[in-house]
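Here is the structure we will look at, set down as structure tokens.
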Amino acid sequence: MSGLSVLIPTVVSMFTLIEMCMQLALSAFANITYTILPAAAAPSLPTIEFVIPFPPAFAILSIALIAPFLSRRVGHVLGVIVTAGVAVISLVSPVGAHLPVTFLGFDAVLFNVDAFSRVMGVIFGTIGAAAVLYSYSSQASNRQTAFALGYVGTSIGSVFAGDWLTLVFFWELMAITSTALVWDYGGEAVRAGFRYAIYHGIGGSLLIAAVIWHYVDVGSFLFTAASGLTAGIPAALAAVGIGVNVGFVGLHVWLPDTYPRPHIAASVFLSVYTTKTGVYGLARAFPDGNVLIAYMGAAMALVGVVYALLQNDMRRLLSYHIQSQVGYMVAGIGIGTALATAGAFAHVFNHILYKALLFMTAGVVVSRVGEENLKYLGGLRRYLPLTALAFGIAALSISGFPGFNGFVSKGMITAAADKKNFDGIFYILLAAGVGTFMSFIKFGYYAFIRSTPDSGVIAGSENADADIISSAIGQRVAMLSVATLCILFGLFPDALFALLPGSTTDAHPFTLGHLTEGIVLAVLGIIGFALVKRPISNIGKVPDIDTVINPGAFYLTRGLVRGTTEIFAIVDNAIQVIATRSLEITANPYGSIRQPAAILLQRDPDTLTDGSLQATIGTSVLLVVVVLVIAFIGTMSM
Amino acid sequence: MAEIISLRPLIAVILPAIGIAGIVLSRRYQNIREGATIITAVSTVAIIASLLPAVLAGNVYITNLGSFVPGVAFTLRADALGTLFALLASFLWVITSFYSIGYMRGLGEHAQTRYFASFAGSVSAAIGVAFASNLIILYIFYELLTVATYPLVTHDESDAARAAGRKYLAYTFGGGVAVLAGIVLVFWSTGTVAFTSGGIASLASIDPLIARGAFALLAGGFGVKAALIPVHSWLPDAMVAPTPVSGLLHAVAVVKSGVFGISRLVLDVYGPETVAQLGVGVPLAVVAAITIVIASVIALRQDNLKRRLAYSTISQLSYIVLGLGLFSPEALIGGLLHIPAHAFMKLTLFFCAGAIHVETHTDNISKMAGIGRRMPLTMSAFAIASVGMAGLPLVAGFVSKWYLLIGSVDAGYPIFAIVLLGSGILNIAYFWPIVYQAFFQTAAETDAKPVVEFSLGGQWHPIRTDGHGREYGDEHTEETDADADADADADDDADITAASDAVNNKQSDDTDSESSQRETALSGDPSDPNAETTYAVDMYPSDHTTADTEGSAQKTTADTIDDTDESIDPDSASSDNETLNTGMNRGQDSTGVDASSSTDSSSKSPTPDASLLNTPETEVDDNTDTSANIDHPDIDAPDDDDAYMSDPVWDRRTIYTESTWFMLGPIVIAVTGAVALGIIPQQVVFLSLIEQVVTAATGVII
């Protein structure tokens, strides 16, 4: 493919270009670290001494159970209220291991509040509220939102768990509820949901194996009983098991397979919860980091962004970006320092905001225009101006442009990598940053900026103005409020720093070095996109690893199933035949031996009637002696 | 641990037997007869529940009836393990009785008195097995259980049923012989067969060869009823019995008495330490692990729902045996907890299968697309129970699997943990398709089932799986001819096109006879002699709600059409499924299976279907990109009863109109029990009983 042969050298030359620019920038400004924006005093969190008597997940799950029986409006209003309520509760609940119980015969903690779970609770609740609002205005059915609320509730149950048993309990339920959410849409999503269920079943099983092994070693499931998971096999199993959720390279194919298929509002939910709960789980399992995981994170960041750049389906592009951005988080957790941990969780927070926003904008485009493919889109800034604005903010956030929230958290992670001298990770993450810019410039250009597409719905429609309705009020409120948060946390990151685990003392987002870095990446992104735009548009579908895994698993299973059943059929048949033949022979001995006896005795078979075979005395004695001799020899030789 | 002398264990065993008398005496008055069953069942549960407080405190109830044979006392003993099994069997008997009423009356079954009486006898024998105080008493009740369940297995009195019954007897009496041999060995070498907590001490010191031999005989003999591979094949064939029988007896009482025997063997005859010392536990666990995997693999290929559930049972029973074979307290807890856990979950699944059969006469998964509309509560319960089967949280299966996993790693054999987790994935693979197609797909838009038999990514042609002729050995109708033609240019597997060619060839020979038969059948009535009674279970349609009578009249017409079609090809054997019964009956069985697989596909009026079909087609036509795989065969003559869709469009029902409460109530209770066991296993008494058992057996305070 000519496109690919141009792409590879382009990427390589970009790498060298980035390195050169970075070294230039850093050497120029290495010793100057004054801040551009003054750091405001970090606001302290308000806490109250009241602990709710039940895990917050239960509130959401109970609404999820009754929502299908309510009207659409009431169901969604309750959904917004309860998720926002959980965000507030997460913010103000006091730190501690609340609600200890004996669950299934083991000690468990149902509501554990510390910095990790607090930040997760806040963002999960906040984005849940926005997503429910978006669902309502996207005409989602009650059943779908009920499944979505179940998904949100189980994720929150998982992040507020104080022990591995509860975490795994809600983790598996999260897989089930998300599967139901994908299935709800019907059509192609059903089979994709089945594959998703199997992937997550395998991932969950590996995590369960890790937790069980850890229990046998340590004797308790509580987080307080040990620091992370026991090293060795439990840790490795957990890494792979959580890696499925998180999208490790090679374990990620369910992401682009599943996320683009269901309802547009369902995609918003899906993009948030599974992967970030995975990140949280990884932080619990590896509180001190792990070099291999750090490198895997870097690999995820790069592979994700390369595949994303090659996608034309909007939601598929965004799904690959999930892998890429989660790679940053995983790298942060792998690096393990206080700054890296803070950066990883800051990135969780920020990423949830802008990724949900991106899916919301993509959803508006898909539902209003009826087209999923970037090739056939164009000029939407005229028809969907607010959506375009929200998209622009989200794109700048995800790319890490200064002034938006992604810049802060990405900066923290890359700074942490730099501090620990993980140079490889540092440069790969920067390269991924350029790639992110490129792919979102692609998205923005094709969908919103260029005037008309060459073909497709928009080009073909004569009265284009009348055909494309702009976004609904609820969608706009959801999108713009999330966009506002992106800008807010981009300009005033200290508001977020108060929530984070780890330590933000070394986080200086607005140094000149970092700002330069951000702008240089943006410029490289524009140049890069200009270079690769044409070659990429000529590349067809680039296969991902599922072209090998899916047929492999399917045909292997079929071979196994067919082989087993055929063997059993043969064996069963053979036994039946032996049994019936034996019965026949015993019922009718003469009938069975007539032919062989005739040949042996050289007589006509018809003369062998019943009772005609008789042995003389001599023959009988001979036979008896022969049998006795054989028996004698047999016993002697034993 | 105090021994309390009481008559209650004896009463618990005798009561159901007395109930037999009541049932038989009131045979002319259906409602009184059913009332007798219910009263007997409730009082049995009450008696056994009254034993609970003292048993939970560690005491044992004894009823001594004197010496049976020299050296063996006829004593009934209610300890924690026995009470667990007895409570389970009797409680589930209550709800199964209600379900049986709904099922048998819904189908208008024959010989109901014999059915209910045998049921009571079986439960009596099961409780006898539970309360046996030594191996001989257990053996007696074990064999009585076989005898009592034989009339239930052969209830239909068809050839298939009789063959299944013969096979059942052959296997279980064969197993009984092995058990007796083992008992004799134990008695001869130690002088006692009484169950001793922690095991009979002298077994640890006798010649290991004899000890191992006795263990092998006993485990093998009990293993027949516990459906260990290779002595498992009676169980799928016994699915010919009515569904409540399959449910209670083959998922709860009969097979559980097999695992109960193994658990007595491991806990009270040999004791866990001796088992580990002799080194017989791990081979038992290996056999169990092999069973778990192979049975799940075979289940992936079954199209008949009850057969799929049967293989699932075989697989899940070996979870229990696996737990018993490993020397670890958690493994024992897990294995024993799986007895009630699996009972509730599997009973729910069987009840759902039976309700589907009664309401819609659908037995095959490939015909059940969209059935969640028609039976929402049933399929929801099915979904919840299958979640538990896969070992996912909230339902009982998670708890027992969790303990089993801990036990496997604790005992030092993590390979068994891998087997268990792999089995969970296989469970997902064979249960999820049923659930997703029930709720999230329709007959017009469904991938062909079983998933593993068709194309990668799903085969979306809207044809029956029976259109592939040979593999499922079923009816040939004209529209499969049309479908086969339409398929020729689609991306089918080679063998499927070959099969459809075979269909075509057979088809052309038979069209004449078929069409003539069809004409006569159309004017026929249910008693048309041409209509073979080819349902596996029964031949009478559901008749419990007036709304159905129209449908059932049309159904019977359609049925006769289907039946005559099937008679054409009796030897299109379902060779891919594990063969049913003997080779002699193969032809018979395939028609049996075929018939049950022929849905009353046009129980809804045929002509509106044709018009309904047009709309999805035209929508699909507009969408150029995504419909590449969907064929649009011509919809031919509107009088084509079996339209090109494999199933009717199920009409939407609510939980009040989907079925009778006789059947829905037990389903709800069973699934609630499964969920309760999954969340609060100690409070619902079973886990507490098991902790008692394991503490006594291993000495480890749980």
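FYI, side chains are in, hydrogens and waters are out, and symmetry mates aren't considered; it's all heavy atoms of this structure. Residue numbering restarts at 1 for every chain, and letters A, B, ... go by the order of the sequence lines.
In terms of heavy-atom pairs under 4.5 Å with chain A, the best-connected choice from B:Ile428, B:Leu405, B:Ile406 is B:Ile406. If you tally non-hydrogen atom pairs under 4.5 Å between each of A:Gly186, A:Ala197, A:Gly105, A:Gly204 and chain B, the highest count goes to A:Gly105. Taking chain A as the reference chain and counting heavy-atom pairs below 4.5 Å, the highest number among B:Ile679, B:Ile425, B:Ile229, B:Leu300 is found for B:Ile425. Annotation: maximal heavy-atom pairing with chain B below 4.5 Å, among A:Phe170, A:Trp171, A:Phe103, A:Phe106, occurs at A:Phe106. Looking only at heavy-atom pairs under 4.5 Å with chain B, the residue among A:Asp217, A:Leu165, A:Val168 that has the most is A:Leu165. When the candidates A:Ile198, A:Thr179, A:Leu173, A:Asn550 are compared by the number of heavy-atom contacts under 4.5 Å with chain B, A:Leu173 comes out ahead. The candidate with the highest count of non-hydrogen atom pairs below 4.5 Å against chain A, out of B:Gly678, B:Pro433, B:Gly424, is B:Pro433. Counting heavy-atom pairs closer than 4.5 Å to chain A, the top residue among B:Leu394, B:Ile294, B:Val387 is B:Leu394.
Looking at A:Val211, only its side chain comes within 4.5 Å of chain B, counting heavy atoms on both sides. For chain A, the nearby parts of B:Val451 are the backbone and the side chain; heavy atoms of each come within less than 4.5 Å. Contacts of A:Phe169 with chain B are made by both backbone and side-chain atoms, with heavy-atom separations under 4.5 Å. Both the backbone and the side chain of A:Leu560 have a heavy atom closer than 4.5 Å to some heavy atom of chain B. Residue A:Ile575 does not touch chain B at all, counting heavy-atom pairs closer than 4.5 Å.
Residues B:Trp402 and A:Phe221 place their aromatic rings such that the two centres sit under 6.0 Å apart.
Among residues 413-421 of chain B, the residues having any heavy atom closer than 4.5 Å to a heavy atom of chain A are, in sequence order, B:Pro414, B:Leu421.
Considering only heavy atoms from C-beta on, A:Arg191 comes within 4.5 Å of B:Tyr436 through its side chain. Between A:Tyr555 and B:Leu456, some side-chain heavy-atom pair lies under the 4.5 Å cut-off.
Contact between B:His232 and A:Phe568 at its shortest, heavy atoms only, is CE1-CE2, 3.4 Å. The two residues A:Glu172 and B:Pro393 make their nearest non-hydrogen contact at CB-CD, 3.2 Å. Across all their heavy atoms, A:Leu104 and B:Phe398 have their closest contact at CD1-CE2, 3.9 Å.
The local environment of CD1 in A:Ile545 is sparse, with at most 12 non-hydrogen atoms from other residues, nucleotides or ligands closer than 6.0 Å.
With A:Arg558 contributing its side chain and B:Phe454 its backbone, the two residues share a donor-acceptor pair below 3.5 Å.
Distance check, rounded to the nearest 0.5 Å: CG of B:Leu392 to CD1 of A:Ile208 gives 7.5 Å.
Between A:Trp183 and B:Phe440, the ring planes lie tilted relative to each other; the angle falls in the 30° to 60° range.
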